[in-house]
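As structure tokens, the structure follows; a few thoughts come after it.
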There are 2 protein chains.
Amino acid sequence: MKLDIHTITESDIIQKEIISKIRDLINHKNLEPGDKLPSERQLSERFDVSRSNVREAIQKLEFYGLLNSIPQSGTFVANIGVIALNGMIEDILRLDEPDFKSLVETRILLELKTARLAALRRTPEDLVQMQEALDAYTNKVHNGENAVQEDLLFHLAIAKAAGNSTMNTFMLIITPGIITNFEKYHVCDKNQPVIGIKEHEAILEAIKNKDPEAAKQKMKDHFKILYQYCYSI
Amino acid sequence: MKLDIHTITESDIIQKEIISKIRDLINHKNLEPGDKLPSERQLSERFDVSRSNVREAIQKLEFYGLLNSIPQSGTFVANIGVIALNGMIEDILRLDEPDFKSLVETRILLELKTARLAALRRTPEDLVQMQEALDAYTNKVHNGENAVQEDLLFHLAIAKAAGNSTMNTFMLIITPGIITNFEKYHVCDKNQPVIGIKEHEAILEAIKNKDPEAAKQKMKDHFKILYQYCYSI
DNA sequence: AGCCTTTTACTGGTTAACCAATTATTGAAT
DNA sequence: ATTCAATAATTGGTTAACCAGTAAAAGGCT
């Protein structure tokens with residue numbers, strides 16, 4: 001198994017070049033929102049790359065909402081204007097692999113908020129699911145087994161209960177990177193699982209009591225060691 | 001790859017079915033981290049779908065870090081364990097279109113933090129770029145033109161100065177949805193551009209002075225109207 | 001048997017041909 | 001000249017064939 005999952009490959013470089021060329025094309029031709037891009041075939045010929053490479057680049061720009069492909073019709077510039085478009089493409093091209101510190105910093109930010117929101121919005125059904133996740137975690141720890149997964153699922157259950165689909169998505173996006181880096185840097189070794197149980201219980205208790213500030217504070221306590229470790233590397 | 005942020009299509013439904021079947025397969029065959037999935041051809045035959053559909057589903061799971069494709073070798077289950085894997089796939093399948101409220105709520109959370117971090121970490125180069133973005137915004141407003149794009153780019157410049165690549169990426173992801181909904185609900189009409197200039201200037205001033213708390217507060221002030229509007233719908 | 005080379009089959013990725021739907025063009029009828 | 005139906009060209013999406021590299025199997029050698 002390859003440990004470093006998110007390695008930058010040769011095709012990533014090609015894709016960035018294509019994206020850059022598409023941007024130049026939009027600027028040079030003064031394409032405005034709603035205007036049609038040249039067809040995939042024309043682009044692949046003009047840029048001297050395969051059509052599938054062009055398609056991938058277009059799909060990436062579609063992901064960021066900058067282009068809009070319509071079957072049997074064409075690919076169109078999104079309705080956000082050429083200035084914002086240039087700025088965003090520049091940012092997308094500049095984006096590189098997120099470092100561990102960046103991931104943890106974002107995770108803490110998100111989770112302090114989801115804990116707070118969960119305390120405000122959790123349904124009885126949410127409570128059941130969080131309790132189940134916590135029980136699974138507790139059992140594993142008491143058996144002396146590795147409970148990183150159950151730990152994680154408890155936090156995702158909170159994110160679910162927060163009732164914010166965007167934050168929920170973002171939590172899912174950063175989770176694998178967090179796990180990978182935890183294993184790489186042996187973060188879990190520095191945390192006492194038994195302490196983790198009490199901290200989790202305190203968080204759930206606050207959410208159960210619909211006490212948002214307490215939930216946030218208990219989550220903060222839970223992240224204290226991670227926080228210090230993160231800023232020490 | 002397409003995230004569920006935008007419109008849901010027919011092929012998205014097919015993709016979710018395939019993801020669901022891959023999950024069942026992993027469970028039924030008791031595949032563990034590092035184990036190899038059947039080949040794309042076998043999966044497409046077994047599920048009675050095209051190979052490209054299978055590839056897209058695998059790429060989505062790869063995006064969330066659950067699978068790992070190695071050329072000329074195979075697709076492998078990531079190193080996160082079957083329990084977390086099941087939980088995350090369940091979450092991914094459940095994800096639906098984020099509502100406007102969810103987007104704004106997340107944006108405010110992110111931007112209060114990026115403003116704070118930018119005040120702590122901004123380089124002289126960052127200051128120049130933020131100032132340029134602000135000037136472009138100011139000029140447009142003074143000419144009576146629509147300055148939504150320049151507004152946006154100023155905020156993205158702050159996110160860049162915050163020095164957190166994950167938050168930067170997340171800002172880019174939510175921005176198109178924010179713009180689309182702004183136009184849909186005519187949010188901009190409710191904001192006075194001239195007031196916006198002063199608010200932007202105050203934010204930049206705080207970042208320039210390396211005053212994180214002031215930067216956060218000024219950003220909060222800037223979002224006040226949006227915040228109220230968001231929670232009123 | 002054990003080791004090493006050679007061969008074979010299989011893998012994800014790439015390319016090219018094909019498809020159905022849309023759009024542009026044509027041209028006759030009014 | 002205008003309108004509108006028929007046709008041709010073009011589009012993104014799909015499928016199937018192909019490629020290069022890997023991993024396993026086979027087979028000869030000691």
Side-chain angles (χ1 to χ4, degrees), chain A residues 1-19 21-22 25-26 29 31 34-79, chain B residues 1-3 6-19 21-22 25-26 29 31 34-79:
Chain A
M1 234 293 280
K2 195 169 64 172
L3 270 180
D4 192 6
I5 298 175
H6 294 286
T7 314
I8 292 174
T9 67
E10 169 71 20
S11 95
D12 287 335
I13 299 170
I14 298 177
Q15 192 182 84
K16 291 207 171 188
E17 286 174 359
I18 296 174
I19 290 176
K21 285 174 181 170
I22 290 177
L25 187 72
I26 292 174
K29 287 205 168 186
L31 296 183
D35 285 354
K36 191 163 82 170
L37 231 62
S39 72
E40 296 177 351
R41 290 170 182 81
Q42 288 178 30
L43 290 177
S44 71
E45 194 176 348
R46 183 193 294 239
F47 300 156
D48 194 35
V49 292
S50 74
R51 199 185 141 200
S52 45
N53 287 138
V54 172
R55 279 178 64 79
E56 280 174 24
I58 289 176
Q59 278 167 21
K60 179 152 191 175
L61 292 176
E62 225 181 333
F63 171 77
Y64 285 104
L66 303 182
L67 295 179
N68 186 20
S69 273
I70 299 177
Q72 286 82 39
S73 180
T75 301
F76 299 85
V77 179
N79 194 27
Chain B
M1 222 274 302
K2 219 180 91 175
L3 197 62
H6 309 296
T7 319
I8 292 173
T9 68
E10 167 70 21
S11 94
D12 289 334
I13 299 169
I14 298 177
Q15 193 182 86
K16 290 206 173 190
E17 287 174 359
I18 296 175
I19 290 176
K21 284 175 182 171
I22 290 177
L25 187 72
I26 292 174
K29 286 206 168 187
L31 296 184
D35 285 352
K36 192 162 81 170
L37 231 60
S39 72
E40 295 177 352
R41 289 168 182 82
Q42 287 178 31
L43 290 177
S44 70
E45 194 176 347
R46 184 192 296 237
F47 300 156
D48 196 32
V49 292
S50 75
R51 196 183 142 201
S52 44
N53 286 138
V54 172
R55 278 179 64 80
E56 281 173 24
I58 288 176
Q59 277 166 21
K60 180 152 191 174
L61 293 176
E62 226 180 334
F63 173 77
Y64 284 104
L66 302 182
L67 295 179
N68 184 20
S69 273
I70 299 177
Q72 287 83 39
S73 182
T75 301
F76 299 84
V77 178
N79 194 26

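Chain naming here is simple, since letters A, B, ... match the order of the sequence lines and numbering starts at 1 in each.
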For nucleotides 6-9 of chain C, which of its nitrogen or oxygen atoms have a protein nitrogen or oxygen under 3.5 Å away, and what is each distance?
none

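Proximity of residues 44-51 of chain A to DNA chain C (heavy atom under 4.0 angstrom from any strand atom) is restricted to Ser50(A), Arg51(A).
Rounding to the nearest 0.5 Å gives a distance of 8.0 Å between CD of Gln59(B) and CD of Gln59(A). Rounding to the nearest 0.5 Å gives a distance of 10.5 Å between CD of Gln42(A) and CZ of Phe47(A). Rounding to the nearest 0.5 Å gives a distance of 6.5 Å between CG of Leu31(A) and CG of Leu37(A).
Of all heavy-atom pairs between Glu40(A) and Ile58(A), the closest is CG-CD1, 4.0 Å. Considering every non-hydrogen atom in both Ile18(B) and Val54(B), the closest pair reads CD1-N, 4.2 Å. Taking both residues in full, the closest heavy atoms of Val77(B) and Leu67(B) are given as CA-CD2, 4.0 Å, listed atom of the first, atom of the second, then distance. Among all heavy-atom pairs drawn from Ala78(B) and Gly65(B), the shortest one is CB-O, 3.1 Å. Between Arg46(B) and Pro38(B), the closest heavy-atom pair is NH2-CG, 4.4 Å.
Residue whose closest nucleotide on DNA chain C sits further toward the 5' end, between Pro38(B) and Arg41(A): Pro38(B). Across the interface with DNA chain D, nearest-nucleotide mapping of Asn53(B) and Lys36(B) shows Asn53(B) to be the residue nearer the 5′ end.
Taking only side-chain nitrogens and oxygens, Gln42(A) never comes nearer than 4.0 Å to OP1 or OP2 of dT10(D). In terms of phosphate contacts, Ser39(B) brings a side-chain nitrogen or oxygen within less than 4.0 Å of OP1 or OP2 of dT11(C). Contact annotation: Ser73(B) does not reach the phosphate of dT11(C) (side-chain N/O to OP1 or OP2, under 4.0 Å).
Atom pair Leu37(A):CG and dG12(D):P shows a separation of 9 Å (rounding to whole Å applied). Counting to the nearest Å, the P atom of dA21(C) and the CD atom of Glu40(A) are 18 Å from each other. Taking atom CD of residue Gln72(A) and atom C1' of nucleotide dT23(C), one finds them 11 Å apart after rounding to whole Å. The nearest whole Å value for the distance from the CD1 atom in Ile58(B) to the P atom in dG13(C) is 8 Å. What separates CZ of Phe76(B) from P of dA23(D) is a distance of 8 Å, to the nearest Å.
Using a 4.0 Å heavy-atom criterion, one finds that Ser52(A) contacts the bases of the nucleic acid, with or without backbone contacts as well.
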(Q) Applying side-chain contact (heavy atoms from CB on, under 4.5 Å) to Asn68(B) and Glu62(B), what does each step give before you reach the verdict? (A) CA-CA 6 Å; Asn68(B) 184 20; Glu62(B) 226 180 334; 4.2 Å; yes

